[in-house]
Every structure is written in structure tokens, then in C-alpha cells.
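Every heavy atom of this structure was used, including side-chain atoms; hydrogens, water molecules and symmetry mates were not. Nothing here was measured: the structure is a model prediction, and the numbers come from that model. Start at 1 with the first residue, then count along the sequence.
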Amino acid sequence: MNDKALAPGGLALVEALVNTLDVETGADTLDTADGRAAFGLAEPDVPAARELREALRAACLAHAGHRAPGPSPAALDRLLADAPLLVTVADDGTAALRPAAPDRLVSRIAEALAAAAASGTWARLKACEAEDCRWAYYDRSPGGRRRWCSMSVCGARAKMRTYRARDRGAAQSEPGLRPEPRASNAGEA
């Protein structure tokens, strides 16, 4: 249920971490050895990674204008405080932020967020409005107003629910707008 194109730069790491949980099925790739290896995690690191994931999801939901139960996007402040960054200067004089502990996931996430905030791309990483999805996606739309990870799946479902609710509401409030069901011809000769 996601956009095929990954988020740019370090945001691809953030997007991948948020999408380790399939909200609809409950499947969590951090439960697998391969899933943990993709992020350089050992089994004891998983609870902290899950906490970071859900704080990132809350921020992505906030970028899309949504609020969900769970951690506040501000929870990232506390989690990222343990991820110091260093300013490094290259031979050509360009400066960049680098994680002080590059082997730690939270440090790599902090670096990605700092770079994305500086480039203006952080706010375009969003989470799907659909409560049974919440998949992270990078909003490449010109106006930056995308609401779903996939218009063909989550967007279509939401629009169909809205249509059906509106159709039901119109039928109940103005019964004359819909033709009455025809009587059965079973007893007619």
C-alpha cells in the first residue's frame, strides 16, 4: 500500500523504519532476524526501535494534519536527545552533521532528520490517513497535500466510504429522492 518511490536521502531510512509495522495485520518485521539486521539492531534494541518508530509515525501523521492515539510528535525530542551529532567539515569546506555514534539507529535517524529539516523535505514525509494503514510515504505532489499512501487503495477506500455515507444520508433524509422498491408481481395474473 505504498508509493513505489522511496523518500529522498536519509528520509528513506526513516520511511523504512516506520513501515516495519503493518498496522492492518500487526506484522512487525523487527520481530525477524532479517528485519533487525536491515537496521543494524540486536534483539535487545527492538523495544527502543519500536518506541522511536511510533514517535516518527506520530510526526509523519502530524505532517499530514492527522492526530492519532499514542505518542506525541514531541516525543522525538526525548528520543533524539540521546543521539548527539557532530559537525564535520570536508576538504572543500562544506559542512555536514554526522552522528557521533553511527552504529546506533537513533543517531542515524537524527542525522537524517537534521538533513531533511535543512533541505525542507522533512515535512513531506507523511503517514497515511487510513487508520488501518498508517504507512509512511513521501509526498511528491506539487501542493504537498496528499492524504493517503496510495490513491488506488487507501484513497479509493476512503472516498467510497464517504460516498456511501453521503448516499445513505441522502436516502434517509429525503426518501422521495430514491424510488420505492417495486412490489412483487407474484400474486398477479
Side-chain angles (χ1 to χ4, degrees), residues 1-30 32 34-41 46 48-80 83 85 94 96-99 102 104-162:
M1 278 201 245
N2 62 353
D3 213 343
K4 298 294 181 217
L6 293 177
L11 283 181
L13 173 66
V14 177
E15 180 182 33
L17 179 61
V18 172
N19 292 340
T20 57
L21 176 67
D22 182 330
V23 171
E24 187 173 22
T25 66
D28 187 344
T29 59
L30 295 180
T32 68
D34 288 344
R36 290 187 296 275
F39 296 96
L41 298 172
V46 171
R50 285 187 176 129
E51 183 180 13
L52 179 60
R53 174 184 67 200
E54 295 313 312
L56 288 165
R57 185 185 319 279
C60 291
L61 282 164
H63 291 163
H66 313 300
R67 176 86 173 107
S72 156
L76 277 173
D77 282 350
R78 179 183 54 78
L79 297 170
L80 297 176
L85 298 175
T94 58
L97 289 173
R98 299 284 178 241
R104 295 187 53 223
L105 178 61
V106 70
S107 295
R108 295 190 321 263
I109 294 289
E111 175 189 24
L113 295 186
S119 69
T121 57
W122 169 228
R124 285 201 172 239
L125 188 64
K126 300 178 178 182
C128 185
E129 177 179 295
E131 290 180 12
D132 60 346
C133 181
R134 303 297 195 208
W135 200 256
Y137 64 91
Y138 187 77
D139 183 355
R140 295 180 189 282
S141 69
R145 294 193 178 126
R146 221 170 109 187
R147 299 169 56 186
W148 300 287
C149 64
S150 166
M151 189 57 217
S152 64
V153 180
C154 292
R157 288 177 187 168
K159 288 183 177 217
M160 186 55 71
R161 280 191 294 268
T162 301

Novice: Within the 4.5 Å heavy-atom criterion, are Leu61 and Lys126 side-chain neighbours or not?
Specialist: no

Novice: State, with a plain yes or no, whether a side-chain heavy atom of Leu56 is found less than 4.5 Å away from one of Leu113.
Specialist: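 Yes. Closest side-chain heavy atoms under 4.5 Å.
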
Novice: Heavy atoms only: give me the nearest Leu11-Ala112 pair and the separation to one decimal.
Specialist: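 That closest heavy-atom pairing would be N-CB, 4.3 Å.
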
Novice: Write down the atom of Val23, the atom of Glu131, and the distance for their closest heavy-atom approach.
Specialist: CG1-O, 3.7 Å

Novice: Please give me the minimum heavy-atom distance between Ala59 and Trp122, naming the atom from each residue.
Specialist: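 Shortest heavy-atom separation between Ala59 and Trp122 comes out as CB-CZ2, 3.8 Å.
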
Novice: Between Pro99 and Leu85, which heavy-atom pair has the shortest distance, and what is it?
Specialist: CA-CD2, 3.7 Å

Novice: Can you list the residues that meet the side chain to side chain contact (heavy atoms under 4.5 Å, CB included) rule with Val46, with sequence neighbours excluded?
Specialist: Leu30, Arg36, Arg50

Novice: Output every pair passing salt bridge (charged side-chain N to carboxylate O under 4.0 Å, His left out) with a member in residues 64-79, not counting sequence neighbours, ordered by first then second residue.
Specialist: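 The answer is Glu51-Arg78.
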
Novice: Counting distance only, does the side-chain N/O of Glu24 pair as donor-acceptor with the main-chain N or O of Cys133 below 3.5 Å?
Specialist: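 No.
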
Novice: Residues in side-chain hydrogen bond (donor to acceptor under 3.5 Å, both in side chains) with Ser107, at least two apart?
Specialist: none

Novice: Using the test side chain to side chain contact (heavy atoms under 4.5 Å, CB included), find all partners of Ala118 that sit at least two apart in sequence or belong to another chain.
Specialist: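 Once residues adjacent in sequence are excluded, Ala118 has no partner under the side chain to side chain contact (heavy atoms under 4.5 Å, CB included) criterion.
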
Novice: Just how far is it from atom CZ of Arg104 to atom CG of Leu52, taken to the nearest 0.5 Å?
Specialist: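 Between atom CZ of Arg104 and atom CG of Leu52 there are 10.5 Å.
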
Novice: side-chain hydrogen bond (donor to acceptor under 3.5 Å, both in side chains) with Arg57: which residues, sequence neighbours excluded?
Specialist: Glu54

Novice: Side chain to side chain contact (heavy atoms under 4.5 Å, CB included), that's the test. Do Phe39 and Leu13 meet it? Break it down for me.
Specialist: CA-CA 9 Å; Phe39 296 96; Leu13 173 66; 3.8 Å; yes

Novice: Looking at side-chain heavy atoms only, is the closest gap between Pro8 and Arg140 below 4.5 Å?
Specialist: yes

Novice: Once salt bridge (Lys or Arg N to Asp or Glu O under 4.0 Å) is applied, do any residues pair with Arg108, and if so which ones, sequence neighbours excluded?
Specialist: none

Novice: Could you tell me whether Asp28 and Arg53 make a salt bridge, using a distance below 4.0 angstrom between a side-chain N and a carboxylate O?
Specialist: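 A salt bridge is present here (some side-chain N lies under 4.0 Å from a carboxylate O).
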
Novice: Which heavy atom of Ala114 sits nearest to which heavy atom of Leu97, and what is that distance?
Specialist: CB-CD1, 3.5 Å

Novice: Closest approach of Leu125 and Ala7, non-hydrogen atoms and distance?
Specialist: CD1-CB, 4.1 Å

Novice: For the backbone of Glu111 and the side chain of Arg98, can you confirm whether one donor and one acceptor N or O come within less than 3.5 Å of each other?
Specialist: no

Novice: Evaluate the criterion side chain to side chain contact (heavy atoms under 4.5 Å, CB included) for residue pair Thr121 and Tyr138; output intermediate values, then yes/no.
Specialist: CA-CA 9 Å; Thr121 57; Tyr138 187 77; 3.3 Å; yes

Novice: Nearest 0.5 Å please: distance from the NE2 atom of His66 over to the SG atom of Cys60.
Specialist: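 Output value for this atom pair is 11.0 Å.
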
Novice: Just checking, is any N or O donor in the side chain of Asp34 or Thr32 under 3.5 Å from an acceptor N or O on the other one?
Specialist: no

